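Have a look at the structure below, then the notes.
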Amino acid sequence: MRSLPRALLAVPFTLGYTLVLLGTGLYARLGDPGTVRDLLVGSSTDVSNLSQRPLLTLLVSALWAVGGITSPYLVAFPVVLGALERRLGGVRTAGVFLLGHVLATLLTEVPVAVSVAAGHLPDSSLRRLDYGVSYGLIACAAALAGLLPPRRRWALLGGIGLALAAGILVDVDPLTGWGHALALLLGVLSWPYVRRNTRWRPSSQRNDDASFGFAHSERASGNT
């Protein structure tokens, strides 16, 4: 407990973001249901909102956790982003999060817009309720896996894969499933970047990576 304040100060981005998610989660639970519904609809990263106000929509959609204050994302979020921030710093962790959140969103919504324009999907497909931090969180978890020793790396990726597969079985929205899979892929593709810029790794990982021929710097250069 004495070391907790120091640990929290070491991950300011994760701490601040988690507090924001806790705040919006509490409001979603205690606020006026009609107002909450309107806010979530306005935060949805559907084609309609993205075509009118793309930057604002991408920003506000990441201020909510699906499920509110009881969301399992609120448990995984500080654990995953905190571990990644300790190794990369706040700025680079935010970059990985945005990579997953923004690109996975665009890679799923742009095909919808094209399909509607071509007449393959109805106009109602332009509006759907899709918000939350899941894309960015999954990308950060996959990026973190690239900094772990091989056994833990593949165990983490396998666990994410199983969770996504289970989500597909219970989620009626296939577009969200594709977004999660793309976010996982984007996180894996970020491995060269995170390995090159990591500023701290456990000694066990250094030994394991040395045996696989990986070369990492112990301290990141530039802003963190």
Side-chain angles (χ1 to χ4, degrees), residues 11-18 20-21 24 43-45 50 54-55 57-67 71-111 130-148 152-168 171 173-201 205 216 220 223-224:
V11 288
F13 170 71
T14 300
L15 176 61
Y17 205 152
T18 302
V20 170
L21 294 177
T24 56
S43 301
S44 177
T45 52
L50 287 172
L55 295 180
T57 299
L58 288 168
L59 173 64
V60 297
S61 67
L63 300 181
W64 304 87
V66 175
S71 172
Y73 292 123
L74 287 179
V75 177
F77 188 90
V79 175
V80 171
L81 266 73
L84 189 62
E85 186 174 359
R86 287 182 64 196
R87 292 160 171 81
L88 290 184
V91 172
R92 292 190 174 99
T93 299
V96 174
F97 180 89
L98 288 174
L99 174 75
H101 178 67
V102 174
L103 287 186
T105 296
L106 296 179
L107 288 172
T108 51
E109 295 298 337
V110 169
D130 187 16
Y131 63 92
V133 296
S134 60
Y135 292 169
L137 175 60
I138 291 171
C140 286
L144 177 63
L147 298 177
L148 298 177
R152 296 179 185 178
R153 178 184 311 148
W154 301 116
L156 177 56
L157 287 178
I160 297 172
L162 288 175
L164 296 185
I168 292 175
D171 194 344
D173 186 358
L175 203 60
T176 300
W178 278 109
H180 289 161
L182 288 169
L184 179 65
L185 176 61
L186 290 168
V188 172
L189 292 177
S190 73
W191 283 2
Y193 172 77
V194 298
R195 286 171 171 171
R196 185 169 61 249
N197 290 284
T198 185
R199 64 184 184 183
W200 175 84
R201 290 176 297 122
Q205 184 195 354
H216 303 282
N223 295 329
T224 58

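Along the sequence shown, residues carry numbers from 1. What you see is a predicted model, and the numbers here were worked out from it, not measured in a lab.
Between Arg86 and Val11 the shortest side-chain heavy-atom distance falls below 4.5 Å. The shortest side-chain heavy-atom distance between Leu137 and Val80 falls under the 4.5 Å cut-off. In this structure, the side chains of Tyr73 and Leu21 stay at 4.5 Å or more apart for every pair of heavy atoms. Counting only heavy atoms from C-beta outward, the side chains of Thr105 and Leu50 approach each other to under 4.5 Å. Within the 4.5 Å cutoff, side-chain heavy atoms of Arg153 are placed close to those of Trp191. Leu106 has its side chain out of reach of Thr45: every pair of non-hydrogen atoms, C-beta onward, lies at least 4.5 Å apart.
Val188 approaches Ala142 most closely through the heavy-atom pair N-CB, 3.8 Å. Heavy atoms only, all atoms of each residue included: Leu59 and Leu63 are closest at O-CG, 3.6 Å. The two residues Val66 and Gly132 make their nearest non-hydrogen contact at CG2-CA, 4.4 Å. Heavy-atom minimum distance, Thr18 versus Pro78: OG1-CB, 3.7 Å. What you find for Asp130 and Ser44 is that their closest heavy atoms are N-OG, 2.9 Å. Smallest separation of non-hydrogen atoms from Trp64 and Thr24: CZ3-O, 3.6 Å.
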message = Set out, in order, the CA-CA distance, both residues' side-chain angles and the distance that settles side chain to side chain contact (heavy atoms under 4.5 Å, CB included) for Leu144 and Val194, then state yes or no.
response = CA-CA 8 Å; Leu144 177 63; Val194 298; over 6 Å; no
Test log, rule side chain to side chain contact (heavy atoms under 4.5 Å, CB included), inputs Leu84 and Leu147 = CA-CA 9 Å; Leu84 189 62; Leu147 298 177; 4.1 Å; yes
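Checking each of Leu185, Leu164, Leu175 against His180 for a side chain to side chain contact (heavy atoms under 4.5 Å, CB included) leaves exactly one that passes, namely Leu164.
Between Phe97 and His101, the ring planes lie parallel to each other; the angle is under 30°, not in the 30° to 60° tilted range.
A donor-acceptor pair is defined here as one N or O able to donate and one able to accept, closer than 3.5 Å; no such pair exists between the side chain of Thr198 and the backbone of Arg195. Counting only distance, with no hydrogens or angles, the side chain of Glu85 and the backbone of Phe13 share a donor-acceptor pair below 3.5 Å. Judged by distance alone, the side chain of Ser190 and the main-chain N or O of Ala143 form no donor-acceptor pair under 3.5 Å.
Once rounded to the nearest 0.5 Å, the distance linking OG1 of Thr14 with CZ of Phe77 reads 6.5 Å. Going from atom CG of Leu184 over to atom CG of Leu157 covers 6.5 Å, rounded to the nearest 0.5 Å. Distance CG/Leu15 to CG/Leu81: 12.0 Å, rounded to 0.5 Å.
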